[in-house]
Visitor: 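I'd like to ask some things about the structure below.
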Amino acid sequence: MSKKTFYVTTPIYYPSSKLHIGHALTTTMADTMARYKKMLGYDTFFLTGSDEHGQKIEKTAQAAGMSPLAYTNGIVDSFQTLWKKLDIGYTDFIRTTEPRHYETVSKIFQTIYDKGDIYKSEYEGYYCTPCETFFTERQLDEGHCPDCGRPVEVVKEESYFFKMSKYAAELTVYIEDHPHFIQPETRRNEMLSFLKQGLEDLCVSRTTFDWGIPVPIDDQHVIYVWFDALTNYLTALDYLHEGEKYQKYWKHGDEILHLVGKDIVRFHTIIWPIILMAAGVRLPDRVFAHGWLLLDGGKMSKSRGNVVDPLALIEKYGSDAIRYFLLREMPYGEDGFYSEEALVLRTNTDLANDYGNLLSRTTSMLDKFCAGVIPGKSLEDEVDQEFSQMAILLKKNYVLHMDQLQFGKALQEVWKLIARGNKYIEESAPWALAKDATKTNKLHTVLYNLAETLRVATIYISPFMPATPAKVFSQLGLVDAAWQGWDAVDFGASIGGTRILRGEPVFPRIDVKEALKMGEKPILEENEIQESEEGINLIGIEDFFQADLRVASIVKAEKVQGTDKLMKLSVDVGGEPRTIVAGIALHYTEDELEAKKIIIVANLKPAKLRGIESQGMLLAASSSDKKQMRLLTVDADIASGSKVG
RNA sequence: GGCGGUGUAGCUCAGAUGGUUAGAGCAUACGGCUCAUACCCGUAGUGUCACAGGUUCAAUUCCUGUCACCGCUACCA
């Protein structure tokens, strides 16, 4: 019999800025779920990725004088670094800029178009000309552009539309017939009431920017947002060729689960199912919306400067502690609160005092009273039996809560067993038993039960905290994988005779005052410039030398037609002519630039900007408000092509 | 504006088809223990269960109203 399958996804994140701890929440949930299902023996596929198209990326990259792809490459790297540090074990990482995705999106679009569910019409929206952006009525700030505050105008644009209206009734029936499709319940109700108002057709293409997947039947248009972004869930499974992964995890899969934040529920529970219906593809089983991780009562946002940098946090407290905090503290489907103090408190009480200390006192007693060997169980009275009974109940509740994504409750169940262990020590006072030769049997039973409690609890904990189990099992001497898996989760295994290896505390107690002293300035990411000044991300000299910096002299400068910021520079690098496109036209005129000696990155991957290939990047300093920008140059003449470094 | 939700111990929250003393964890106080990471164990509290009416023998639990907060109310990636 083949294994049951489980497919879990996170949203693909938008790389216009760095990830914060809120993103880490969704991804940690997905990872924990994937590890849990894997532990239970499911054939599991876990997908995360990045959503790299759109006007915002196009503009940001342009402002940085980079191609969109070059720009997102760097950010995607930072995503992957974070996931690695958080022990996120995804099966695949999808980028919407990959060829496989282009082809998949085109295929779906074409399929639905051929079916007659996509048609050409006119999109009417509020347009801010200086910002080159469309807004909806809701987004407007008292009738003005929310970005620049200037008045907007109503503009019509030719667009392709997706006939969502056609499927509204069918979707409503589906949601009603599948009570667990949208969770939690309140979100489901919101979506049903949204559907009750009827659906409008959805605008799925744009002509105002280019950075996206072209509409297959009309290259004047690029596919807009949701058709592109949501389809990633199928791309990664090779829906394109209806390949093996697609057959196994999607078409005939046992469970498909999308984890999302509450802000994008509608897209996943209305638009996405309808795309699938139109394309004749099976719908996912569950879309779970979690709440936001709020910071001391306020929403985390870049502009408020209170974005928590997860990397710094991991560095300081370790990834398992962060994961534990996130999963333990977030109430089901609702917003939770983060503060460094709460994190430290949680880590100390649950991980250090209860769990870590139980290991510490158990291994210490095994060393002192049993010569470092876990004894066999040699007696069993009522108290001892309580453990096996608790463990049975724990298993039942744990599975129940995990399947409902009630991570906090599942953990609380595990901690009941841990707490029982600590209480049991007090009740049976092994140090007293050890002094009485007639009570050796009891002593051995007590210590066996404690070791067994730790072993079992650690199995339950392992999907939440991937790094910890190895340490604990090693201290308990239970290095054989046979003791560590779900098959061995029942209390009462024959671990007697195992030699333990007491070690350092797995979760040292954190001095709250000490930790928060830096907490006068908690771990917050002020902005990227400051961060680099403070040198938080230290790099080695070899990293630096990866960039080939050269002196170049500008031969000719000309503004790129139809842009505000771009300047096309013809430069000479030690006799080699090159073209560089840079976003400096607001700060320099053509004349000012000519004959200047500048510093360029000579080994940057070429990128096309406005159709012009830019073969490198120049270095310039800009003030934090971007109003000032000055080129790097040399303070006296030196030959072009000279190496910098 | 419309629809929906929430308001319970200092904090985070559980709970009751209405029925004698309303719960858990954390924090606090006191006591105990010494195997342990100043840890663990025990004990002790404190609550007009948002406010005002109503139904009922009986409401914090049901109903109505008020106040406060929150979510949804389509093109944000």
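In what follows, chains carry the letters A, B, and so on, assigned in the order in which the sequence lines appear, proteins first and then strands, with residues in each chain numbered from 1. As a basis for the values below, the full set of heavy atoms in this structure was taken, side chains included, without hydrogen atoms, waters or symmetry mates.
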Visitor: Is there a donor-acceptor contact under 3.5 Å linking the side chains of A:Y324 and A:T468?
Guide: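 The criterion, which ignores hydrogens and geometry beyond distance, is not satisfied for A:T468 and A:Y324.
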Visitor: Regarding A:E452 and A:K377, does a basic nitrogen lie under 4.0 Å from an acidic carboxylate oxygen?
Guide: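 Judged by the 4.0 Å cut-off on N to carboxylate O distance, A:E452 and A:K377 do not form a salt bridge.
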Visitor: Quick one, give me the B/S/- string for nucleotides 22-36 of chain B, reading 5' to 3', where B means a protein heavy atom under 4.0 Å from the base and S means that only happens at the primed atoms, P, OP1 or OP2.
Guide: ----S-----BSSBB
Visitor: Before accepting this row, confirm whether a basic side-chain N of the pair A:D320/A:K471 lies closer than 4.0 Å to the acidic partner's carboxylate O.
Guide: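 Not counted as a salt bridge, because no side-chain N and carboxylate O are separated by less than 4.0 Å.
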Visitor: For the aromatic rings, using the six-membered ring if either is Trp, is the centroid distance between A:F267 and A:H258 under 6.0 Å?
Guide: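 No, ring centres 6.0 Å or more apart.
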Visitor: Identify whether any heavy atom of A:D511 sits under 4.0 Å from a base atom; if not, whether one sits that close to sugar-phosphate; answer base, sugar-phosphate or nothing.
Guide: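 Counting heavy atoms under 4.0 Å across all strands, no contact is made by A:D511.
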Visitor: Look at all strands and tell whether A:D51 reaches a base, only sugar-phosphate, or nothing, counting heavy atoms closer than 4.0 Å.
Guide: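 It contacts sugar-phosphate atoms only.
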Visitor: What integer distance in Å separates A:L294:CG from B:C70:P?
Guide: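 To the nearest whole Å, that distance equals 11 Å.
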Visitor: Can you tell me how far the CZ atom of A:R346 sits from the CG atom of A:D350, to the nearest 0.5 Å?
Guide: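 So the CZ of A:R346 and the CG of A:D350 are separated by 4.5 Å.
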Visitor: I want to know whether A:Y332 and A:F288 have ring centres closer than 6.0 Å.
Guide: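 Yes, ring centres under 6.0 Å apart.
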Visitor: Does A:N353 place a side-chain N or O at less than 4.0 Å from the phosphate oxygens OP1/OP2 of B:C40?
Guide: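 The answer is yes; a side-chain N or O of A:N353 sits under 4.0 Å from OP1 or OP2.
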Visitor: Nearest heavy atom decides the nucleotide; on that basis, is A:S193 or A:F507 closer to the 5' end of RNA chain B?
Guide: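 Final value for this comparison: A:S193.
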Visitor: How is A:P508 classified with respect to the nucleic acid when contacts are heavy atoms under 4.0 Å: base, sugar-phosphate, or nothing?
Guide: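 The residue A:P508 makes base contact.
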Visitor: Under 4.0 angstrom, heavy atoms only, what part of the nucleic acid is A:Y224 near: base, sugar-phosphate, or nothing?
Guide: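 Sugar-phosphate contact only - A:Y224 comes under 4.0 Å of backbone atoms but never of a base.
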Visitor: Would you classify A:M191 as touching base, sugar-phosphate or nothing, given that sugar-phosphate means primed atoms plus P, OP1 and OP2, and contacts are heavy atoms under 4.0 Å?
Guide: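 Contact class for A:M191: none.
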Visitor: RNA chain B: A:L202 or A:E190, which has the more 5' nearest nucleotide?
Guide: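 Residue closer to the 5' terminus by nearest nucleotide: A:E190.
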Visitor: What is the distance, rounded to the nearest whole Å, between atom CZ of A:R187 and atom P of B:C70?
Guide: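 After rounding, the reported distance stands at 14 Å.
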Visitor: Considering only NZ, NE, NH1 and NH2 on the basic side and carboxylate oxygens on the acidic side, decide whether A:K442 and A:D384 come within less than 4.0 Å.
Guide: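 Answer for the salt bridge query: yes.
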Visitor: Kindly express the pairing pattern of RNA chain B in dot-bracket notation, using | wherever a base pairs with another strand and counting only Watson-Crick or G-U pairs under 3.5 Å.
Guide: (((((((..((((.....[...)))).(((((.......))))).....(((((..]....))))))))))))....
Visitor: Whole angstroms only, please: what is the CG-C1' distance between A:L195 and B:G4?
Guide: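 Spelled out: CG on A:L195 to C1' on B:G4 is 15 Å.
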Visitor: May I have the distance from A:I264 (atom CD1) to B:C72 (atom C1'), rounded to whole angstrom?
Guide: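 One finds 16 Å between C1' of B:C72 and CD1 of A:I264, rounded.
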Visitor: Distance between the C1' atoms of B:C41 and B:C33, in whole angstroms?
Guide: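 Looking at atom C1' only, B:C41 and B:C33 are 7 Å apart.
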Visitor: Just how far, in rounded Å, is C1' of B:G42 from CZ of A:R420?
Guide: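 Atom CZ in A:R420 sits about 13 Å away from atom C1' in B:G42.
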Visitor: Is A:Q197 touching bases, backbone alone, or none of the nucleic acid, heavy atoms closer than 4.0 Å?
Guide: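 If one applies the 4.0 Å heavy-atom cut-off, A:Q197 turns out to touch the sugar-phosphate alone, with no base involved.
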Visitor: On the nucleotide B:G42, are OP1 or OP2 found under 4.0 Å from the side-chain N or O atoms that A:K423 carries?
Guide: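 For A:K423, the contact criterion (side-chain N or O under 4.0 Å from OP1 or OP2 of B:G42) is met.
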Visitor: If I pick the C1' atom on B:G15 and the same atom on B:U60, what distance separates them, to the nearest angstrom?
Guide: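 About 11 Å, rounded to a whole number of Å.
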Visitor: Could you measure between the two C1' atoms, the one in B:A36 and the one in B:U43, and give it in whole Å?
Guide: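 One C1' to the other, the span is 23 Å.
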Visitor: Checking all strands, does A:G54 fall into the base, sugar-phosphate, or nothing category for heavy-atom contacts under 4.0 angstrom?
Guide: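 Here A:G54 touches no strand at all.
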Visitor: Pick base, sugar-phosphate or nothing for A:G198, based on heavy-atom distances below 4.0 Å to the nucleic acid.
Guide: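 Answer is base: heavy atoms of A:G198 come under 4.0 Å of a base.
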Visitor: For A:Y338 and A:E329, what are the C-alpha separation, side-chain angles and deciding distance, and is it a side chain to side chain donor-acceptor pair (under 3.5 Å)?
Guide: CA-CA 9 Å; A:Y338 165 84; A:E329 207 87 346; over 6 Å; no
Visitor: Between A:E413 and A:K416 (salt bridge meaning N to carboxylate O under 4.0 Å), is one present in this structure?
Guide: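 Yes, A:E413 and A:K416 are salt-bridged.
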Visitor: Write down the distance separating the C1' atoms in B:A16 and B:A58, rounded off to the nearest Å.
Guide: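 Result for the C1' pair: 15 Å, nearest Å.
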Visitor: Please state how far atom CG in A:N348 lies from atom P in B:U37, giving the value in whole angstrom units.
Guide: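 Those two atoms, CG and P, are 15 Å apart.
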Visitor: Could you give the CD1-to-P distance, from A:I275 to B:C75, as a whole number of Å?
Guide: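 In whole Å, B:C75 P and A:I275 CD1 are 16 Å from each other.
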Visitor: Round to a whole Å and report the spacing from CG of A:D263 to P of B:C75.
Guide: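 Whole-Å distance recorded here is 15 Å.
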Visitor: Using the rule side chain to side chain contact (heavy atoms under 4.5 Å, CB included), only one of A:V76, A:T27, A:D51 pairs with A:Y13; which is it?
Guide: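 Checked A:V76, A:T27, A:D51 against A:Y13; only one passes side chain to side chain contact (heavy atoms under 4.5 Å, CB included): A:T27.
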Visitor: Would you tell me whether A:T207 and A:E158 have side-chain atoms, one donor and one acceptor, within less than 3.5 Å of each other?
Guide: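 No, because no side-chain N or O of A:T207 sits under 3.5 Å from a partner of the opposite role on A:E158.
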